[in-house]
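Here is the structure we will look at, set down as structure tokens.
These numbers were taken from a predicted model, which means no experiment stands behind them. The chains referred to below are lettered A, B, ... by the order of the sequence lines, with proteins before strands, and numbering in each begins at 1.
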Number of protein chains: 2
Amino acid sequence: MSRKNKREHTSDQLPKLGIQPYLDLMEKTALQNTDRKLAHLGLLMLWLGDNAIDAIDLNLETFGITESKWDVLLLLTLHEDRELITPSSLADRLGIRRASVTALLDWLEKRHWIIREQSTLDGRKIHVKLTQEGRELVARALPVFWSACSSIMSDLEEEERMLLEKILMKLNRSMEEKLGVGR
Amino acid sequence: MSRKNKREHTSDQLPKLGIQPYLDLMEKTALQNTDRKLAHLGLLMLWLGDNAIDAIDLNLETFGITESKWDVLLLLTLHEDRELITPSSLADRLGIRRASVTALLDWLEKRHWIIREQSTLDGRKIHVKLTQEGRELVARALPVFWSACSSIMSDLEEEERMLLEKILMKLNRSMEEKLGVGR
DNA sequence: GATTTTAGTTAGATAATCTAATTATATACA
DNA sequence: TGTATATAATTAGATTATCTAACTAAAATC
């Protein structure tokens with residue numbers, strides 16, 4: 001009767017450990033000058049980020065698009081009528097190579113959500129634009145996207161939200177500086 | 001002299017918009033019942049999560065491994081000597097298919113960081129274990145991993161840390177429930 | 001006008017995932 | 001005891017998202 005682990009002969013599921021074993025491991029293996037509290041927070045942030053991305057992906061799936069494609073569509077939407085959008089500028093902003101953008105655009109163009117137009121001023125450049133169909137897709141996806149964003153964060157008390165907002169904005173700023181990226 | 005946008009003829013970089021245009025777009029396109037404040041937080045969390053993952057990946061690169069492989073190695077480390085680890089149980093815990101685990105394990109085995117041993121009790125099952133070399137790799141990577149985790153979160157005041165810890169743990173719990181996953 | 005730079009694409013590779021089919025073993029049932 | 005079913009792992013073949021290196025065309029430099 002002293003058996004705690006019923007699973008032993010019935011299934012090989014790994015038990016959920018929770019965070020404690022991670023913290024124990026950290027205690028044993030982190031450098032002396034690593035701040036444990038901060039590392040703990042960073043680990044949580046990593047997990048949470050993973051989960052947040054999964055949750056959003058799940059919602060975008062409904063529209064047959066992935067996060068990468070959504071990023072492109074969002075950039076096109078936000079910069080539409082403001083500046084000329086080229087594959088290079090997308091690559092730059094997305095932090096990926098031009099060749100990778102070519103692949104994304106091929107995919108989006110095949111589905112008639114974007115078009116490429118050669119620049120008349122500079123024959124090397126391509127203007128990337130949303131089509132009407134593309135605009136409609138974005139219009140359908142946006143409400144779902146926002147609601148998915150908000151559902152990640154539900155369950156927070158009013159006070160927690162205010163604090164979190166301040167902290168997240170600060171973190172985001174410092175992280176962008178470190179990585180040299182930005183939105 | 002009234003030109004504000006010097007870029008116009010010199011480069012096609014997309015300007016960094018910051019968060020405001022996103023919030024404006026949200027105002028126009030979110031459903032009525034979507035809580036704007038929460039969606040704003042969710043968006044920040046998404047960005048931050050992306051950046052956090054990039055930062056960690058950058059550090060793991062030094063060791064020639066990616067996040068997926070690191071996840072496997074960490075699970076093997078934490079469950080070593082506690083329970084039998086099979087490809088199935090890894091798939092289950094990682095939230096991916098058994099076939100995907102086979103591919104990850106093939107890669108790790110080729111580099112002699114893990115071995116596969118057939119179970120004597122149940123011929124269908126495989127025990128996955130770290131090799132000595134694998135354990136050494138993990139031992140080298142762990143200090144870097146923790147310090148990367150902590151560096152994501154540096155710049156926070158003492159008070160902010162305490163608040164954030166509480167909030168992140170709560171969010172993580174509720175998110176895991178929603179997605180039905182866990183560590 | 002020749003050289004260099006820039007923009008975009010192509011070709012070919014790797015990584016991480018998937019589904020469906022296959023193989024071997026174990027379990028259930030009749 | 002056999003046959004049918006279920007489970008574990010792998011294989012085969014595909015897709016997506018990346019990359020680097022090489023290439024083409026156009027523009028800029030000198």
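One can place CG of A:Leu14 at 13 Å from P of D:dA8, the figure rounded to the nearest angstrom. To the nearest angstrom, C1' of D:dT18 lies 12 Å from CD of B:Glu61. If you take CG of B:Asp92 and P of D:dT7, they are 13 Å apart, rounded to a whole angstrom. B:Ile114 places its CD1 atom 12 Å from the P atom of D:dA9, with the value rounded to the nearest Å. When the P atom of D:dT16 is taken as reference, atom CG of A:Asp71 falls 16 Å away, rounded to whole Å. Regarding B:Leu90, its CG atom lies at a distance of 11 Å from the P atom of D:dT10, rounded to whole Å. Here the C1' atom of nucleotide D:dA9 and the CD atom of B:Glu109 are 13 Å apart, to the nearest Å.
Ring-centre distance between B:Phe63 and B:Trp113: not below the 6.0 Å cut-off.
For the salt bridge (charged side-chain N to carboxylate O under 4.0 Å, His left out) test, residues two or more places apart in sequence or in another chain that qualify with B:Lys37 are A:Glu165. Not a single salt bridge (charged side-chain N to carboxylate O under 4.0 Å, His left out) links A:Glu159 to another residue, sequence neighbours left out. In terms of the salt bridge (charged side-chain N to carboxylate O under 4.0 Å, His left out) criterion, residue partners of A:Arg135 (sequence neighbours excluded) are, by chain and number, A:Glu80. With sequence neighbours excluded, no residue forms a salt bridge (charged side-chain N to carboxylate O under 4.0 Å, His left out) with B:Asp92.
Between B:Ser88 and D:dT7 there is no side-chain N or O to OP1 or OP2 distance below 4.0 Å.
Residues B:Leu156 and B:Leu164 have side chains in contact (heavy-atom distance under 4.5 Å, counting atoms from C-beta outward). A heavy-atom distance below 4.5 Å is not found between the side chains of B:Arg116 and B:Leu108.
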Contact state string [nucleotides 10-20 of chain C, B base, S sugar-phosphate only, - no protein heavy atom under 4.0 Å]: B----SSBBB-
Sequence-aligned protein contact record of nucleotides 23-30 of chain D, with B where the base is within under 4.0 Å of a protein heavy atom and S where only the sugar-phosphate is: ---BS---
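Just one of A:Leu130, A:Val138, A:Asp71 meets the side-chain contact (heavy atoms from CB on, under 4.5 Å) condition when paired with A:Leu76; it is A:Leu130.
Around atom CZ of A:Arg111, more than 12 heavy atoms belonging to other residues, nucleotides or ligands sit under 6.0 Å away.
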